[in-house]
There are 2 protein chains.
Amino acid sequence: MAKRTETPGRLDDAARAGWLYYVAGRTQDEIAASMGISRQSAQRLVSLAVAERLIKVRLDHPIAACLELANQLRRKFGLKYVEVVPSDPGSSSTTVGIAEAGAAEIERWLKRPEPIVLAVGTGRTLKAAVDQLPAIECPNHRIVSLTGNIAPDGSAAYYNVIFSMADAVKARHYPMPLPVLVTSAEERELLHGQQLVRSTLDISAQADVTFVGIGELGIDGPLCVDGFLEKDEMMELMRGGAAGEICGWIFDADGKLIDNPINERVASAPIPSRESSTVIGLAKGKRKYKAIRAAVVGRQINSLITDEDTAEFLLRN
Amino acid sequence: MAKRTETPGRLDDAARAGWLYYVAGRTQDEIAASMGISRQSAQRLVSLAVAERLIKVRLDHPIAACLELANQLRRKFGLKYVEVVPSDPGSSSTTVGIAEAGAAEIERWLKRPEPIVLAVGTGRTLKAAVDQLPAIECPNHRIVSLTGNIAPDGSAAYYNVIFSMADAVKARHYPMPLPVLVTSAEERELLHGQQLVRSTLDISAQADVTFVGIGELGIDGPLCVDGFLEKDEMMELMRGGAAGEICGWIFDADGKLIDNPINERVASAPIPSRESSTVIGLAKGKRKYKAIRAAVVGRQINSLITDEDTAEFLLRN
DNA sequence: TTTGCTCATGAGCAATTACTCACCAAATGG
DNA sequence: CCATTTGGTGAGTAATTGCTCATGAGCAAA
C-alpha cells in the first residue's frame, strides 16, 4: 500500500495521547481537555497510537509465553482452541500440567447450563485429566465413550476413562461395551449392529465436544504396551507409514487414516465431526511429536492442549 | 481431586485475562466466555493484572517535544544521557512516567552481555522505577547499593531499593549494612573499616552505571519525613544554603557538597565517578526543581530522567 | 459450634470508550 | 479552475468497561 506522508505532528500527538492514556492512566476526556481537542479526537489519537504500535504492552508473567505460543498454533493450523501449559523440564511425566489444564477445560464444558454431549476417548493422559476433576453435578449432560472398555484378555481396559469420569461427574454416561480391536471387519459390523452399541454410536456422533488422547506408535506405544497389537503387526503398520492413533484409529504422517486391515478392525466410534463440533486432543512429549503433528495437520482434531516444548516443535516443523 | 481457589492460580488467571485483553485485544465479554467466568470476574482479573503490575505498558515513540528538550538539556549541561517524559498536568504523582522510563533504562543496562556493576541509591522515585522491572536473569552483573538499609529506628529502611531489585533481577547484589546517617564522623570511619562494608564500598566505586533519586530538602523532604533528620537540623542546613541531597549527601545550589557536620555523618558510599561512569538521576516535580538544578550544574549526576515541565524549568534557569 | 472477618461473585448502573455518519478542508489531478 | 481524493472533525449512539452493593463461601478465632 502506498504510504503517504503522515502529518508529522499527528503521530507525536498520538504518542502523547497514548502516553497519557496508558501510562498516566488519564481518561480520554481529561486528555482532550489538556491537549485542547475534542474527546473524539483524543480517542482517535489513542487508537492511532495503538494502531501504529507506538504502545507496547508486555505481560510479565510466565504464562505470557504460553499464550503467545497458543495463539501462533491456532493461527498456523487453524485450530478452534489451543491451550499451552508451561513445560516442566525436570519431569518426564507425560501428563503433568496437561492433566490439570484438560480437567479445567472439561469442567468449563460441564458447567454450561445447556445440555451437551461430551465424548471421551482413551489414554493415560486423558485418564490423568479426568482424575483431576472435582465432583460435579450435571444431570443435563451426557457423557459417552468413543472406545470400548474391554481389553484383549476380556478384562476391563486399563485406561477406560468414562468410568473414572462417572465417579466424579454426576451425569448419564454411556460406555462402549466392545473391545477396542475386534478380529475382523465382519465382526465389527456385527457388533455395531447391536441395539445397545448402535445407540451409543448415535450419541457419540452428536458430541458437542470430544476429549481424546493421542497415541504414538512403536513397540513402546500404548497399542502394544496394552496388548492390543503384537509387535510384528506394529512393525508392519510403521512400515506402512503409520504415525499415530486416536481411539485406535491409525493415521499416517499427513493425518489420514491409513488403508490397512487393522483400521477395519477398530471397533471405536468414529471421531466426531471436526467441522461441527470441538475435538480436543491432549498430548505432549517428544515421543508423541510426530503423532501430534499428524493429528493436527490431518485435522483428526481441531483443538489441542499441549505444553510449551511440543508447541515449539509444532511451530518449527 | 477437588480444586480450590488458590491465590497463585488466581494470578495466573489474571495474567491470562490481561494477556487476552491487552495483547490479544479481546473484549472482557469474550475473555469471560473463553475462560468460563462472568464478565465481572473477567474485568476483575484484568484490573488485578494491572494492579499486580503484570502488565507493562511502554510508549515506543520519541515524542518530538520531549526529544528536543532532552537534546537541549544535554547540550546546556553537558550531560551524557537525558530522557524527558511527557508531563501529566492532572497528576500530582512524583513518579508516573519517570518510573517506567527509569525501569526501561535499567533494563537496557542489565541486558548488556558484558558484566557490569550497577549501583543504586534510594528514594521513592527510584523505588517506583525498580518496581516496574520485569524478571531478568543476569548472573554476570553485580548490583550494589550506595546507601544503608537501616532506618533511624533500626528497622529496614522504607525505600531500600536494592531488595526490591533483588526480587526481580537475578544477579549478585550487595546491600550496604549501615544506617544512612551515623552519629559521628568517627563512627563512620569505624564502620567503613569493617571488611564487609569495605568490599561493598570497593564494588560501588567500580560502578559502570548508577541510578539515584534526588531529594529535596525542607521539613517535607525525604530526610525529614523518613526521620533521618530533625526539623531543627534541617532548618540549620537550609540556612547554610543546602539545596538537595543524593543518598544523603547534601549539596548547595551550586551542587557542591556542603561543609557541615551532617555530611560527615553520611555513611553512604560516595557517588561513583561522573567522569568515568554514568550516574543517572531520576526526579521531577516543582518541589525538586532547585535540587535537580543543583545536582546537574554541580555534576553530582551526569545523566537525567525527568519530565517536560522540569526540563523546561532547567532550560529557563 | 458459633461468630466474625475476608474475599470472590453476580447484578445493576454509571462512566467511559468505540464506531458510524455526515460534513469539511486541503491536496491532487485533469 | 473544478472535480476528486484523502484525511480530519464533531455529533450521536452503541458497546464496553468500572464501580458499588448485597450476598454467600471459606476460614480462623472464640
Side-chain angles (χ1 to χ4, degrees), chain A residues 1-55 57 59 61 63 104 107-108 110-114 133-138, chain B residues 1-57 59 61 63-64 88-91 93 96:
Chain A
M1 62 168 133
K3 183 141 196 179
R4 299 177 25 75
T5 46
E6 297 249 355
T7 319
R10 185 157 173 85
L11 267 188
D12 291 347
D13 286 345
R16 172 174 296 262
W19 188 90
L20 288 166
Y21 188 67
Y22 286 105
V23 182
R26 327 295 313 174
T27 71
Q28 296 178 354
D29 263 325
E30 293 171 308
I31 295 167
S34 80
M35 292 179 70
I37 54 179
S38 73
R39 188 184 60 70
Q40 291 93 329
S41 296
Q43 194 276 326
R44 285 189 183 97
L45 288 176
V46 171
S47 68
L48 178 64
V50 174
E52 295 290 332
R53 307 186 179 265
L54 301 180
I55 301 289
V57 181
L59 195 124
H61 192 282
I63 255 174
E107 206 181 328
R108 271 193 287 275
L110 290 177
K111 280 189 174 157
R112 300 197 171 194
E114 74 277 11
L133 284 174
I136 316 179
E137 301 242 345
C138 37
Chain B
M1 218 41 86
K3 63 174 200 179
R4 300 223 143 76
T5 43
E6 319 88 320
T7 308
R10 186 164 171 79
L11 263 191
D12 289 349
D13 285 347
R16 171 174 299 264
W19 189 90
L20 288 167
Y21 188 67
Y22 286 104
V23 183
R26 327 294 307 279
T27 71
Q28 295 179 356
D29 263 323
E30 292 173 312
I31 295 167
S34 79
M35 293 180 71
I37 55 180
S38 71
R39 188 193 62 78
Q40 292 92 329
S41 297
Q43 195 274 330
R44 284 187 182 100
L45 288 177
V46 170
S47 67
L48 178 64
V50 174
E52 295 290 330
R53 302 179 189 282
L54 266 33
I55 301 287
K56 303 281 172 65
V57 185
L59 188 86
H61 180 79
I63 295 181
D88 178 6
S91 164
S93 162
V96 69

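Convention: sequence-line order gives letters A, B, ...; per-chain numbering from 1.
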How close do [X] and [Y] get, heavy atom to heavy atom, and via which atoms?
X       : Y       : result
A/Ala24 : B/Val96 : CA-CG2, 3.8 Å
A/Ala14 : A/Ala49 : O-CB, 3.4 Å
A/Leu20 : A/Ser34 : CD1-OG, 4.1 Å

Any side-chain heavy atom of [X] within less than 4.5 Å of one from [Y]?
X       : Y       : value
B/Leu45 : B/Met35 : yes
A/Leu59 : B/Tyr22 : no
B/Ile55 : B/Val57 : yes
A/Gln28 : A/Tyr21 : yes

Checklist entry - About how many Å separate OG of B/Ser38 and CG of B/Asp29, when rounded to the nearest 0.5 Å? => result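 Reported value, rounded in 0.5 Å steps: 10.0 Å.
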| message | With a 4.0 Å cutoff (strictly under), does any side-chain N or O of B/Ser38 reach OP1 or OP2 of C/dG10? | response |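 Yes, B/Ser38 has a side-chain N/O under 4.0 Å of OP1/OP2 on C/dG10.
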| End-to-end bend of the helix from C/dT1-D/dA30 to C/dG30-D/dC1 (five-pair axes, 10° rounding)? |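 It comes to 30° between the two terminal axes.
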Let me know the distance between [atom1] of [X] and [atom2] of [N], rounded to the nearest Å.
X       : N      : atom1 : atom2 : answer
A/Met35 : D/dT9  : CE    : C1'   : 15 Å
A/Glu30 : C/dA15 : CD    : C1'   : 12 Å
A/Leu45 : D/dG8  : CG    : P     : 9 Å

With sugar-phosphate taken as primed atoms, P, OP1 and OP2 and all else as base, the protein-contact string of nucleotides 15-22 of chain D at under 4.0 Å (heavy atoms; B, S, -) is -SBB-BB-
